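Below is one structure, written out as structure tokens; the observations come after it.
Throughout, numbering of the chain's residues begins at 1 and tracks the sequence. Please read these numbers as outputs of a predicted model, since none were measured by experiment.
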Amino acid sequence: MRELAEETSLRADPAGARVRAVLLDSVDGIPRLTAAVRVTAFTGEPVVTEPHLVHRWEWHEVADLAALSAPLFTPSAHVLDTVWPGLLPGLPPVHRYPVADD
């Protein structure tokens, strides 16, 4: 919840968060760890808090994600694939350690 608030200014109650999986991949030989967390409710509006990393936040319908003109950030795509397997074809490999199904 701290990362959500730091990176987006959105606030969520930790009691409503569920870790779905832990994902491990690497970029240029550097390991990258991502947690796929389901949050059922949040407050606030998304704000770009790290403009050197993120240009803007966008909301999309799930069915439209595969047809976006620009690819999603790979860790974000892997998180989405945890919830909706096969939604985004052609993702690079990731080690997925499932934690919860809900």
Side-chain angles (χ1 to χ4, degrees):
M1 299 305 84
R2 178 184 54 79
E3 285 293 314
L4 178 68
E6 283 180 10
E7 295 180 11
T8 68
S9 289
L10 298 174
R11 305 281 177 195
D13 182 354
R18 298 289 178 264
V19 177
R20 299 283 310 262
V22 175
L23 312 170
L24 181 62
D25 68 346
S26 66
V27 174
D28 298 326
I30 299 171
R32 180 167 54 184
L33 181 71
T34 304
V37 180
R38 178 176 180 240
V39 176
T40 56
F42 62 87
T43 59
E45 293 294 323
V47 173
V48 173
T49 61
E50 299 174 317
H52 59 289
L53 298 173
V54 176
H55 299 287
R56 67 184 176 279
W57 295 112
E58 297 179 1
W59 299 114
H60 295 279
E61 295 294 328
V62 172
D64 298 338
L65 292 175
L68 293 177
S69 60
L72 294 171
F73 179 53
T74 300
S76 297
H78 282 139
V79 167
L80 292 169
D81 191 61
T82 297
V83 180
W84 295 287
L87 177 72
L88 302 167
L91 292 177
V94 67
H95 296 284
R96 187 179 318 270
Y97 302 95
V99 177
D101 291 328
D102 62 338

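Tracing side-chain contacts under 4.5 Å through hydrophobic residues (I, L, V, M, F, W, Y), one reaches V19 starting from V39; they form part of the same cluster. No chain of hydrophobic side-chain contacts below 4.5 Å, direct or via other Ile, Leu, Val, Met, Phe, Trp or Tyr residues, connects I30 to V94.
The hydrophobic cluster around L91 extends to V62, L65, L68, L72, L80, V83, W84, L87, L88, counting ILVMFWY residues whose side-chain heavy atoms fall within less than 4.5 Å of a member.
Of all non-hydrogen atoms in A41 and A12, the two that sit nearest each other are O-CB, 3.5 Å. In plain terms, the two heavy atoms of T74 and P92 that are nearest each other are CG2-CG, 3.7 Å. T34 and P75 get closest at one heavy-atom pair: OG1-CB, 3.6 Å. Scanning all heavy atoms of the two residues, the minimum distance from P31 to L24 falls at CB-CD1, 4.4 Å.
To the nearest 0.5 Å, the span separating CE on M1 from CG on L10 amounts to 10.5 Å. Expressed to the nearest 0.5 Å, how far CZ of F42 lies from CG of L4 amounts to 8.5 Å.
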Hey, can you pull the donor-acceptor pairs under 3.5 Å for the side chains in residues 44-55, sequence neighbours left out?
from	atom 1	to	atom 2	distance (Å)
T49	OG1	E6	O	2.6
T49	OG1	E7	O	3.1

Determine, step by step, whether E3 and V37 satisfy the side-chain contact (heavy atoms from CB on, under 4.5 Å) criterion, reporting the C-alpha distance in whole Å, the side-chain angles of both residues, the deciding distance to 0.1 Å, and the verdict. CA-CA 11 Å; E3 285 293 314; V37 180; over 6 Å; no
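When the side chain to side chain donor-acceptor pair (under 3.5 Å) test is applied to R32, the partners found at least two apart in sequence or on another chain are D25.
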